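One-based numbering, in listed order, for ligands and for the atoms of each. Just so it is clear, the values below take in all heavy atoms, side chains as well, and ignore hydrogens, waters and symmetry mates. Bear in mind the structure is a predicted one, so any value in this text is a computation, not a measurement.
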Amino acid sequence: MYPVVFVSLGPGEADLITLKGLKALQSADCIFYPTTISKDGTKKSRAFDILSELGITQTLIDFHVPMNKNRSLAIQSYESIAENIKQRFKNNEKVIVVAEGDVGFYSSIHYIADKLEQYNIPIDQIAGIPAFIACGALAGIHIVKQEEKLIVIPGIVTSNDLQLELEKGNVIVIMKTSQSEKAIKDCINQLPSATYHYFENVGVKDHEFYTKNIMDISMRKFPYFSLMIIHK
Ligand code: SAH
């Protein structure tokens with residue numbers, strides 16, 4: 001039987017998948033990919049957009065995980081995905097689960113991996129380019145150099161904590177910036193001398209945005225796919 005393969009799709013630009021990831025997709029029987037459902041009920045999936053651009057035509061199965069506070073709904077959803085994967089694994093199908101960026105970097109599909117491990121289903125993981133690495137390339141910066149430490153903050157933070165890290169000389173990456181928009185803007189006001197690199201939808205045609213102008217950042221409403229890199 002084939003192990004279930006977790007394939008990293010890269011941050012948004014189809015070309016940024018690895019050759020290993022692409023070959024795995026091309027030889028799959030079915031591919032599970034995440035979607036989000038917006039307030040007006042429309043489904044969106046960055047993973048699907050990347051798969052289409054790569055010309056992947058195998059059986060594609062979307063899964064949606066409710067993001068509301070009721071964790072039991074999310075858990076039910078992961079359980080039913082894992083159940084579906086288990087059946088296909090037993091039928092000797094080559095099953096793939098994909099996620100944007102790197103699958104092992106703040107990706108919620110780790111819940112599915114945990115479930116599969118409980119079922120003793122073997123898993124292979126294929127590395128990919130996480131969003132912050134693509135952001136550094138877009139800005140043309142060296143994210144960290146020499147002895148600098150990198151702190152990665154997955155969303156919630158206070159302005160005070162940001163300033164403390166910067167004062168220590170640490171470089172900060174903030175993911176899910178929409179969860180801390182006010183704290184980040186307060187930090188910019190209180191410490192305008194730091195360098196704030198702000199990114200949206202990196203690698204996504206017509207939606208990519210980058211600036212280090214603090215006035216522009218302060219006026220921006222941070223969407224889900226936004227990220228910051230801050231240097232003292
Ligand atoms: N596994 C992903 C991270 C998923 S968490 C990775 O390796 O990068 C989701 C967060 O990643 C988003 O809130 C955003 O901060 C960041 N992100 C993912 N793709 C992005 C993109 N194309 N542009 C900017 N930020 C992105």
Run through all N or O atoms in ligand 1 and write down each protein N or O closer than 3.5 Å, as a pair with its distance.
residue  : atom   : partner : partner atom : Å
ligand 1 : 1 (N)  : Glu100  : O            : 3.0
ligand 1 : 1 (N)  : Asp102  : O            : 2.9
ligand 1 : 1 (N)  : Phe105  : O            : 2.8
ligand 1 : 7 (O)  : Asp102  : N            : 2.8
ligand 1 : 8 (O)  : Ala131  : N            : 2.8
ligand 1 : 13 (O) : Lys176  : N            : 3.2
ligand 1 : 13 (O) : Tyr224  : O            : 2.7
ligand 1 : 15 (O) : Lys176  : N            : 2.8
ligand 1 : 15 (O) : Ser226  : O            : 2.6
ligand 1 : 22 (N) : Pro11   : O            : 2.8
ligand 1 : 22 (N) : Val202  : N            : 3.3
ligand 1 : 22 (N) : Val202  : O            : 3.0
ligand 1 : 23 (N) : Asn201  : N            : 3.4
ligand 1 : 23 (N) : Val202  : N            : 2.9

Hydrophobic cluster of Phe225, others only, ordered by chain and residue number, side-chain cut-off 4.5 Å: Tyr224

Salt bridge flag under 4.0 Å for residues Asp62 and Lys43: yes

Test: ring-ring contact (aromatic ring centres under 6.0 Å, His included). Region: residues 148-171. Which pairs qualify, not counting sequence neighbours? none

Should the pair Lys115 and Tyr78 be classed as cation-pi, given the thresholds of under 6.0 Å to the six-membered ring centre and 45° from the axis? no

When the side chains of residues 13-26 are checked against the rest of the protein, which donor-acceptor pairs come out under 3.5 Å, sequence neighbours left out?
residue : atom : partner : partner atom : Å
Thr18   : OG1  : Gly21   : N            : 2.9

Angle class for the His197/His231 ring planes (parallel below 30°, perpendicular above 60°, tilted otherwise)? perpendicular

